[in-house]
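First comes the structure, then the notes that go with it.
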Amino acid sequence: MRKYAKYWRDSASVIVVARNENNKPDEHGYNYKVLVFKRTENTSFLPNHIVFPGGSFDAQDDSADWLKLFTEQGISQEALQSVCVSSGPRPYIFCTTDSDRLDRNISVRLCALRECFEELGVLLVTNKTNRDGYTKAQHGFDVRSWQTDVHDGRKKLRELYEHLQETPDLWGLYEWSTWITPTHFHRKRFETAFFLAALDEIPPVYPESHEVEEYMWQSPKDLLSAHSEGTLWLAPPQAYELHRLSHVHDIDELVRFAKARNRLGSTAFCPVTYNAADGFIGVLPGDDLYPDNFDFITDNEEMSKHGDLTLQQLVDMARNLHRVEHRGLHSQRYLHNGPTVDHHLHVLGHNSGILSKL
């Protein structure tokens, strides 16, 4: 059993971005859109929420049969090892143990690929004709039949790649971030690795009926605006990541950044909650209120320590800010006056400390 198995489940998610037709910028200047979907009411986690494709780690993601497939397809050990190199912090989800059959940097990516196909029918394969950092969505096969069989457990995702003689694009999934569900969600917690994948064109999508109520391709700005207007609801990790993306309007620039940052590691973000008189905050690494040596397990005993202070008073008493203020379901403010974490995109798009509200 893995170290934190009694506290949370491992999962993976992929932020799929795709270039607009003819590379045409939209009214806000974005030449790409992000793929998200709304979960149905029947899903066990985040029902009715807008999310990126993703889900829980499965035994098949760690199967040694993948190594056989890679060998048969002529994928060298050096190529596989290149996926596993990182010079920065490693959240536990990426730590390989003696019980793991595959390096976790590989198996967690396979989880993200499987969930993307199961939920939306988007199968990402290595782009053999274009090595500029973009992945490819393969759809020249009976997607619906395979999607149903993989989703329902009658077939393995590996069998589909083997059938198509395609290689899962481990290299086109760029490590983006890792989020851990806050400790006060005792019954259902996840450590989720987020990856970013970029497509040169918007592919067909095949929503799985039990999990997906509707899907949409929209710019980061449009999704954030819809959230603040109350027409959809984004969970905090999705909102934070879209906020980061919203400062990059060109998909080619985004891919160059993702490729350059891919091996720099990820600091796990597990928001720690504090109540305030007019709302609550979720603090992140680097904030003065973030606990020292936080173990991601222990509840915050000081959650209501400053409950008589307003959100602004909590800002005034801090020197280092990295937090999200919540005044309501659709009203958040992002504060971060320090440097970026892990050389990532700044949630405000800069390091000046100017506040941003969407």
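The chain is numbered in sequence order, starting from 1. Values below: every heavy atom of this structure, side chains too, minus hydrogens, waters and symmetry copies.
- Using bins of under 30°, 30° to 60° and over 60° for the plane-to-plane angle, the ring pair H227/W233 lands in the tilted bin.
- Note on K33 versus D26: no salt bridge recorded, every NZ/NE/NH1/NH2 to OD/OE distance being 4.0 Å or above.
- Ion pairing between R114 and D61 holds under the 4.0 Å rule for side-chain N and carboxylate O.
- Residues T135 and V125 have side chains not in contact (no heavy-atom distance under 4.5 Å, counting atoms from C-beta outward).
- Side-chain atoms of N20 and N31 include no donor-acceptor pair closer than 3.5 Å.
- Residue pairs meeting the side chain to side chain donor-acceptor pair (under 3.5 Å) criterion with at least one member in residues 274-283, sequence neighbours excluded: N275-S304.
- How far CD of Q147 is from CD of E119: 9.5 Å, rounded to the nearest 0.5 Å.
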For the pair D299 and H186, evaluate side-chain contact (heavy atoms from CB on, under 4.5 Å) and give the outcome as yes or no after the intermediate values.
CA-CA 10 Å; D299 285 335; H186 297 117; 2.9 Å; yes

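- Between F195 and Y174, the gap from one ring centroid to the other reaches at least 6.0 Å.
- Classification of E213 and R39 as a salt-bridged pair fails, no side-chain N sitting under 4.0 Å from a carboxylate O.
- Remark: the D222 side chain and the S225 side chain contain no N/O donor-acceptor pair separated by less than 3.5 Å.
- Linking ILVMFWY side-chain heavy atoms closer than 4.5 Å, directly or via other members, places I281 and Y334 in two distinct hydrophobic clusters.
- Residues that satisfy the side-chain hydrogen bond (donor to acceptor under 3.5 Å, both in side chains) test with R244, not counting sequence neighbours, are E241.
- Residues I297 and T183 fail the side-chain proximity criterion, which asks for heavy atoms closer than 4.5 Å.
- Inter-residue side-chain proximity for F294 and N300 is flagged as unmet; no heavy-atom pair is nearer than 4.5 Å.
- Comment: D10 engages R104 in a salt bridge, judged by a side-chain N to carboxylate O separation of less than 4.0 angstrom.
- Side-chain contact between V205 and L35 is present, with heavy atoms from C-beta onward closer than 4.5 Å.
- Its side chain outside the 4.5 Å cluster rule for every partner, M303 clusters with none of the Ile, Leu, Val, Met, Phe, Trp and Tyr residues.
- K38 has its side chain out of reach of L232: every pair of non-hydrogen atoms, C-beta onward, lies at least 4.5 Å apart.
- Nearest approach of P91 to S266, heavy atoms of both residues: CD-O, 3.0 Å.
- No single ILVMFWY cluster, assembled from side-chain heavy atoms under 4.5 Å apart, contains both L289 and V315.
- Annotation for E72: atom CD counts as buried by contact number, over 12 foreign heavy atoms lying within 6.0 Å.
- The aromatic rings of H28 and Y30 lie perpendicular to each other, with more than 60° between the two planes, well past the 30° mark.
- Considering every non-hydrogen atom in both Y32 and L245, the closest pair reads OH-O, 3.2 Å.
- Atom CZ of R101 is separated from atom CG of D62 by 6.0 Å, given to the nearest 0.5 angstrom.
- Legend: salt bridge (Lys or Arg N to Asp or Glu O under 4.0 Å) pairs involving residues 304-320, not counting sequence neighbours, sorted by first then second residue: E302-K305.
- The closest side-chain donor-acceptor pair between Y134 and R19 falls under 3.5 angstrom.
- Between H247 and H346, the distance from one ring center to the other does not fall under 6.0 angstrom.
- Side-chain atoms of T192 and S13 include no donor-acceptor pair closer than 3.5 Å.
- Salt bridge annotation for R90-E175: present, with a cationic side-chain nitrogen under 4.0 angstrom from a carboxylate oxygen.
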Going through the checks in order, is the side-chain contact (heavy atoms from CB on, under 4.5 Å) test met by Y4 and I93?
CA-CA 9 Å; Y4 292 104; I93 193 169; over 6 Å; no

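- How far NZ of K156 is from CD of Q60: 5.0 Å, rounded to the nearest 0.5 Å.
- A ring-centre distance under 6.0 Å is found for Y240 and F269.
- A donor-acceptor pair under 3.5 Å links the side-chain atoms of H322 to the main chain of P285, judged by distance alone.
- Residues forming a side-chain hydrogen bond (donor to acceptor under 3.5 Å, both in side chains) with E325 (at least two apart in sequence, or on another chain): R327, R333.
- For E201, the CD atom is loosely surrounded, since the number of other residues' heavy atoms within 6.0 Å does not exceed 12.
- A 4.5 Å side-chain heavy-atom check between N320 and D287 finds every atom pair outside the cut-off.
- The cluster map of Ile, Leu, Val, Met, Phe, Trp and Tyr, joined by side-chain heavy atoms under 4.5 Å apart, puts L164 and L199 in the same cluster.
- At a threshold of 4.5 Å between non-hydrogen side-chain atoms, the residues F296 and Y7 do not count as touching.
- Every residue two or more places apart in sequence or in another chain was checked for a side-chain hydrogen bond (donor to acceptor under 3.5 Å, both in side chains) with H139, and none qualifies.
- Minimum interatomic distance between F117 and F141 (heavy atoms only, all atoms of both residues): CE1-CZ, 3.9 Å.
- Nearest heavy atoms, W217 versus V17: CZ3-C, 4.5 Å.
- Proximity of V324 to P236: side-chain heavy atoms (C-beta onward) are nowhere separated by under 4.5 Å.
- Ring centroid separation for the pair H306 and F280 does not come in under the 6.0 Å cut-off.
- T126 and D169 share no donor-acceptor pair across their side chains, judged by distance under 3.5 Å alone.
- Using a distance-only test at 3.5 Å, with no hydrogens or angles considered, no donor-acceptor pair links the side chain of W146 to the main chain of K155.
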